[in-house]
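Below, all heavy atoms of this structure are taken into account, side chains as well, without hydrogens, waters or symmetry copies. Residue numbering restarts at 1 for every chain, and letters A, B, ... go by the order of the sequence lines.
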Amino acid sequence: MPLLELQHSLISALFQRDQLAEAAKRVKAQGSLSSEQRVGIYRNSAHGILLDCLESLYPVCFELVGTEFFGRTAHNFIDQAPPTSPFLADYGAGFVNHLAEHPALQEMLWIVEVAKLEWARHAAWHTVNQVASDFAQLEGLSEAQQAELRFQLPASAHLISSNTSIHSIWLAHQEEYPEKPQFEKIDLQEAQQVLLFREQRRLHQTTLSTDDWAFLQAIQQQLSMGELAEQFADQLPWLFSVAMQEGWIYSFTTTPPA
Amino acid sequence: MTPNPILGCGIGLRFQHIDQILADKPPIPWLEILSDNYLTPGSVQQDYAIEIAQHYPVTLHGVGMSLGATEPFNDEYFQRLKALADQLHPAWISDHLCWTSAHGWVSHDLLPLPYTEETIKHVVQRIREAQDRLERRLVIENVSSYLQYQESALTEWEFITAVAEEADCKLLLDVNNIYVSAFNHDFDPCRYLDSIPIERVQQFHLAGYEDKGTHLLDTHGHPVSDSVWGLYKLALQRFGALPTLIEWDNNIPSLEELLAEAHKATEAHIHAFA
Ligand SMILES: [Fe+2]
């Protein structure tokens with residue numbers, strides 16, 4: 001079918017520069033623009049849309065590496081991994097790995113860590129709403145149910161352990177935080193554990209203590225109440241009450257995990 | 001539920017303005033919601049859209065149907081769009097007379113079609129299928145374009161008219177797009193307007209372009225140009241004071257500035273018949 005061939009040829013030119021001349025054969029030259037220049041306008045426009053998308057996904061990385069480096073890297077990524085989904089919110093996850101493989105960033109992998117955080121923020125923001133459990137029901141549980149009791153973090157929760165101070169770096173690049181740390185004073189080598197989750201229309205991002213981190217990881221691994229008691233012993237009531245207060249625990253189940 | 005009528009000159013809803021609109025509830029005749037940004041079921045984005053639709057008449061406008069593509073429709077896209085429409089009760093759903101996907105790739109950019117009899121047949125069948133899937137008549141928009149294919153045998157206005165008549169859909173005339181394409185392909189934009197059947201047109205779009213010297217680029221990043229206001233006046237005289245919407249997607253101004261641009265369109269409505 002001629003239409004299929006034409007579309008195949010044009011979309012190839014959008015994501016493969018060396019296909020521009022081939023696609024241009026199907027296009028009229030008009031006025032001062034050659035047919036190849038006309039196809040080029042579409043290549044620029046499609047790349048521009050996706051570049052804007054990557055910039056809005058990775059705004060701190062964009063600031064860290066600068067317009068030129070970000071643009072060049074993004075254009076390469078777009079050509080290597082054109083979108084395959086009509087949902088633009090799905091696009092750009094692979095950019096983190098693309099940065100991680102970039103030769104110029106091998107000595108600055110902390111930037112890649114910040115990219116991971118930024119993608120997690122996007123994913124948390126797009127996670128679907130869920131209904132919180134009614135914790136008052138905990139009181140009426142039978143003994144058998146109590147044995148199988150397991151708690152859950154919000155569906156949007158991301159636990160990120162990083163060997164760099166991703167949270168501080170991220171904060172330092174937020175305009176709206178008046179007490180943000182000064183980027184120059186941040187110790188990039190400081191490991192940070194970060195929890196991200198969405199509560200209604202707010203995204204929460206916070207660093208965790210080692211104990212809180214271990215506790216939330218155990219929750220995420222679906223340890224039962226009995227197993228939690230074993231692992232955290234007399235620390236458990238305190239860890240549990242902090243997690244509840246902060247909204248880190250969102251629901252519970254009394255059926256064993258599949 | 002019957003949707004509220006879409007009357008007068010509205011604006012495209014942009015994330016930057018949502019909180020302000022929900023807090024202040026300024027008088028806005030209607031809002032066009034970009035469906036592609038709200039397609040995750042049960043997401044916070046949908047919560048916002050639902051709240052907006054509780055306070056304002058809305059339409060849904062998308063870029064992702066890929067009506068002119070040759071690969072099968074994306075089932076999930078249509079299911080999500082239908083589910084969104086079932087929640088928001090838009091007065092209508094619009095998308096573009098173009099294609100955005102081929103070869104398993106999605107351009108997220110509006111790519112033009114070759115204007116041939118064969119393409120008309122293909123697109124008509126696709127629009128009919130889309131209308132069946134969404135259980136409503138679609139409103140189809142003309143895109144701005146920067147190239148013409150060797151095989152195109154018809155003018156754009158002949159093509160779009162034939163498609164609308166045969167698919168029995170409505171048209172969203174983007175007056176800026178007509179102006180941009182007319183400049184880029186050296187045709188008379190008034191001839192375009194005069195050839196479109198009056199009863200097919202449901203809505204107008206207005207937006208700003210950027211002059212690149214060799215061509216005009218439809219960037220939606222500037223105020224509507226004087227020449228497009230002039231063409232809009234002719235459109236009003238031919239098609240009547242149809243609902244009009246200001247699109248602004250880059251260098252997004254304050255809500256006040258955007259509403260002032262919509263107000264200019266309202267004034268044009270009044271003066272077109274004075
Ligand atoms: Fe438009």
Rounded to the nearest 0.5 Å, how far apart are [atom1] of [X] and [atom2] of [Y]?
{"X": "His122(B)", "Y": "Leu4(A)", "atom1": "NE2", "atom2": "CG", "answer": "9.0 Å"}
{"X": "Asp47(B)", "Y": "Asn129(A)", "atom1": "CG", "atom2": "CG", "answer": "4.5 Å"}
{"X": "His8(A)", "Y": "Thr70(B)", "atom1": "NE2", "atom2": "OG1", "answer": "10.0 Å"}
{"X": "Leu217(B)", "Y": "Asn44(A)", "atom1": "CG", "atom2": "CG", "answer": "9.0 Å"}
{"X": "Tyr42(A)", "Y": "Leu147(B)", "atom1": "OH", "atom2": "CG", "answer": "4.5 Å"}
{"X": "Leu3(A)", "Y": "Thr116(B)", "atom1": "CG", "atom2": "OG1", "answer": "7.5 Å"}

Between [X] and [Y], is there a donor-acceptor pair closer than 3.5 Å when you use the side chain of the first and the backbone of the second?
{"X": "Gln150(B)", "Y": "Val27(A)", "value": "yes"}
{"X": "Tyr146(B)", "Y": "Gln37(A)", "value": "no"}
{"X": "His126(A)", "Y": "Gln45(B)", "value": "no"}

| query | Run the side chain to side chain contact (heavy atoms under 4.5 Å, CB included) check on Val128(A) and Thr40(B) step by step: do they pass? | reply | CA-CA 7 Å; Val128(A) 299; Thr40(B) 308; 4.1 Å; yes
Which pairs of donor and acceptor atoms, one on a side chain in residues 13-26 of chain A, lie under 3.5 Å apart (sequence neighbours left out)?
{"residue": "Glu22(A)", "atom": "OE1", "partner": "Lys25(A)", "partner atom": "NZ", "Å": "3.0"}
{"residue": "Arg26(A)", "atom": "NH2", "partner": "Glu151(B)", "partner atom": "OE1", "Å": "3.2"}

message: For the interface with chain A, which of Pro112(B), Ser152(B), Gly64(B), Gly213(B) has the highest count of heavy-atom pairs at distances below 4.5 Å?
response: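 Max contact count across the listed options: Pro112(B).
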One option among Ser43(B), Gly42(B), Ser66(B), Pro41(B) has the most heavy-atom pairs under 4.5 Å with chain A, and it is Gly42(B)
Interchain contact, [X] with chain B, by part (heavy-atom threshold 4.5 Å):
{"X": "Gln200(A)", "answer": "backbone"}
{"X": "Ile49(A)", "answer": "side chain"}
{"X": "Ser35(A)", "answer": "neither"}
{"X": "Ile11(A)", "answer": "both"}
{"X": "Leu50(A)", "answer": "side chain"}
{"X": "Ser32(A)", "answer": "side chain"}

Does any non-hydrogen side-chain atom of Asp52(A) lie less than 4.5 Å from one of Asn250(B)?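 With C-beta onward as the side chain, the pair touches.
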Under 4.5 Å from a heavy atom of chain A, the part of [X] involved:
{"X": "Trp105(B)", "result": "both"}
{"X": "Thr214(B)", "result": "both"}
{"X": "Glu76(B)", "result": "both"}
{"X": "Leu110(B)", "result": "backbone"}
{"X": "Asp186(B)", "result": "neither"}

Notebook entry, point to check: Where do Leu10(A) and Tyr149(B) land on the side chain to side chain contact (heavy atoms under 4.5 Å, CB included) test, with the steps shown first?
Noted result: CA-CA 11 Å; Leu10(A) 194 79; Tyr149(B) 298 104; 3.6 Å; yes
For [X], I'd like to know if atom [atom1] has over 12 heavy atoms of other residues, nucleotides or ligands within 6.0 Å.
{"X": "Arg191(B)", "atom1": "CZ", "value": "no"}
{"X": "Lys212(B)", "atom1": "NZ", "value": "no"}
{"X": "Glu68(A)", "atom1": "CD", "value": "no"}
{"X": "Glu176(A)", "atom1": "CD", "value": "yes"}

Which atom pair, heavy atoms only, marks the closest approach of Tyr77(B) to Pro86(A)?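 So the minimum-distance heavy-atom pair works out to CD1-CB, 3.8 Å.
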Can you find a side-chain donor-acceptor pair between Gln7(A) and His103(B) that sits under 3.5 Å?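 Gln7(A) vs His103(B): no donor-acceptor pair found between side chains.
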- [ ] Start with the C-alpha distance between Tyr91(A) and His108(B), add both sets of side-chain angles, then the distance that settles side chain to side chain contact (heavy atoms under 4.5 Å, CB included), and finish with yes or no.
- [x] CA-CA 11 Å; Tyr91(A) 190 66; His108(B) 294 284; 5.5 Å; no
